[in-house]
Amino acid sequence: MEIKLVSQEDEEQAHRLRDYCFPTKYTGARRDDFQYWVRHSTAIGAYDKENLVGKLLILPLNITVHGVNFKMGGMGFVATYPEYRNEGIMKKLIVRSLAEMRKNNQTISVLAPFSVSFYRHFGWELFFDKLHYTIPKESFPQFPIQSDRMKRFSFEWMDEEGYSKIQQFHNEHALKTNGGMQRDAAWWQRLARREPDSHFAYYTKGDSIAGYIRYEIKDLTFFIRDFVTDGIQAEQSLWNFISSHQASVHAIKGATSAASHFGFQFVQPQFKKEITQDVMIRIVDVYAFLKKYAWEHYEHSLYLRVQDPFAPWNECLFHISKDREIEIVKDRLIERRRVLSLPITVLSAMMTGYLSVSEALHYANHPVRKEDEENWKSALPTSPPVFYEYF
C-alpha cells in the first residue's frame, strides 16, 4: 500500500471513491464543487498498485483564534473502500496529512467527525457547542418597528453591489469572532453550488451593512444559514424581517452558539433547542501556533509540555517568556509542578477557548502549582469559539 498525493490523472478515481462511500452521488453543481476542491486541496490517497482505494482532502482554509487569523487545513471527504478497511490505511492517511499541513504552514486543522473517539485518538478535540433551534409560528420574535432599511436578493436574482458588501462585512466580522473563518471567492462559490436556492437580506446604516442573513424557504420552513450582525438594532430588524414570513412558513430553523443565550430577548423564548458537538479542532504545529497566539498579560514565564504521538515535532517542553518569546528547552532543571503538561487534544481545546485552564488541568489530571495555574489563567483569552462552516 502506497500513500501519496493524488495526481490529476486520478481525479476520476477520487470521484468514484467519494460516490461509493457517501450516501448520495454528486451530480451537476455539487460534482463541479467536489472537482474544484480535489484540484485545489491537498488530496492524499492510498494506492493498491494503480488503484485509489482510500483518500482524504485537506482544504486550504483559515480560522481566527482570539483575533489572530491562522492558516487552517479543513479535513474532509475521508473515505476508504470497504474491502480495504481495518488495515490501518486511515491511520497512514492521517499521519501523512499532519506532515503535509505542517509543510504548508496550516497551523490548525478542523473537521466534522463521523466518530469523535476516532479523531480524538489522532489528536483532534471538540471545540464548539452548536445550538440548533426550531421556533414555531406562535413564538416568532417580534420587536418594536424601527427605521428598517432592508434589501434582499438571491443567488438566482443577484445584486452584485449588495453581494460584494455582504462578503466584505462577513470577513470583517470573522476577524473579530473567535473561530471565525474568512470566506474567499471560492468558498462563496461553493455555497452557491451547494445551496443555490439561498436568499440574502441585509440591513444598512447609511451606505454600510450592519447585518445580514442568508436563508432558504422550503417545506413551510424558514432555514437560516447565516446570521451576522454588528449590533442589537440590526439583529432585531432582521428578526422582524424573518417573522414577516409567518403567513407562508410554519417554523424557523437555524443554529447558533450554545454560549449565546439565544432567545433571551424574545417574548416567548421557550421553544425547542438541541445542542450538538459536530466539529473538532487540532493544533498541527504547536511552536508556530504559540508564536502567533494572542497572549494576554501574565507575570511570570510559562512552561508547557505537549503529548502528541502522531505529530512528534510537538512533543517538546516549551518556554513562553514574559516577552512572549517562544523557545524549546531541556526539562532537567524545571520543577515538574511548574510545567503545564497536556495532551494535544486538551491543549487545542484550551488554547481556542473551549476549555478553561482549570478544566484542562482536570481532564489532563496533571496538577501544577497554584501560582502557575493563575498565571496561565491570566495569559489566555477566554472568549468561547464558534464555527459554522461545513466541509
Side-chain angles (χ1 to χ4, degrees), residues 3 21-22 44 46 54-59 61 63 65 70 72-80 85-102 106-131 178-179 181 257-259 274-286 288-290 304-316 318 340-366 380 384-391:
I3 306 297
C21 294
F22 287 81
I44 305 174
K55 64 106 180 70
L56 59 79
L57 301 187
I58 305 168
L59 283 63
L61 303 175
I63 188 171
V65 178
F70 291 84
M72 181 260 283
M75 186 178 292
F77 301 106
V78 180
T80 307
R85 292 171 190 167
N86 301 314
E87 296 183 13
I89 291 175
M90 196 51 60
K91 176 182 177 181
K92 294 176 182 177
L93 288 171
I94 289 174
V95 170
R96 175 66 180 270
S97 78
L98 291 170
E100 291 291 333
M101 284 189 281
R102 186 187 186 214
Q106 292 167 318
T107 312
I108 299 175
S109 178
V110 172
L111 55 80
F114 72 88
S115 166
V116 169
S117 61
F118 177 85
Y119 285 107
R120 182 176 278 156
H121 175 71
F122 292 105
W124 280 261
E125 187 51 270
L126 297 168
F127 84 113
F128 177 41
D129 293 335
K130 185 184 294 183
L131 186 148
N178 186 29
M181 190 184 98
S257 168
E274 179 183 16
I275 294 176
T276 61
Q277 297 166 307
D278 58 2
V279 62
M280 301 181 78
I281 197 165
R282 189 198 207 284
I283 300 173
V284 174
D285 188 331
V286 173
F289 179 83
L290 296 177
L304 170 69
R305 179 182 287 110
V306 182
Q307 297 96 49
D308 192 354
F310 295 104
W313 54 83
N314 290 331
E315 292 206 313
C316 304
F318 299 93
L340 185 65
S341 183
L342 300 176
I344 190 65
T345 49
V346 175
L347 177 69
S348 299
M350 183 187 76
M351 299 300 287
T352 54
Y354 184 70
L355 294 179
S356 68
V357 173
S358 296
E359 289 168 334
L361 287 167
H362 171 76
Y363 290 118
N365 193 27
H366 184 93
L380 303 188
V386 301
F387 193 84
Y388 298 111
E389 308 294 351
Y390 183 79
F391 41 85

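None of these values were measured; they are calculated from a predicted model.
One finds the CZ atom of R305 at 11.0 Å from the CG atom of L342 (value rounded to the nearest 0.5 Å). The CD1 atom of I283 sits 7.0 Å away from atom OG1 of T352, with the distance rounded to the nearest 0.5 Å. In this structure, SG in C316 is found 10.5 Å from CG in L290, a value given to the nearest 0.5 Å.
By the 30° and 60° cut-offs, the orientation of the rings of F127 relative to F387 is tilted.
In this structure, F128 and V279 approach most closely via the heavy-atom pair CB-CG1, 3.6 Å. Nearest heavy atom pair, residue F391 against residue L111, reads CE1-CA, 4.1 Å. Summarising the geometry of V284 relative to R102, their closest heavy-atom pair is CG1-N, 3.9 Å, with the distance given to 0.1 Å. Contact detail for A311 and L98: the closest heavy-atom pair is CB-CD1, 4.5 Å. Between I3 and R96, the closest heavy-atom pair is O-NH1, 3.1 Å.
Checked by atom type, the side-chain pair D278/Y390 shows no donor-acceptor distance below 3.5 Å. A side-chain N or O of S115 and one of S117 form a donor-acceptor pair less than 3.5 Å apart.
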- Item | Pair S109-W124, side chain to side chain donor-acceptor pair (under 3.5 Å): steps then yes or no | CA-CA 8 Å; S109 178; W124 280 261; 3.1 Å; yes
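Between E125 and R120, at least one side-chain N (NZ, or NE/NH1/NH2) sits under 4.0 Å from a carboxylate O, which counts as a salt bridge.
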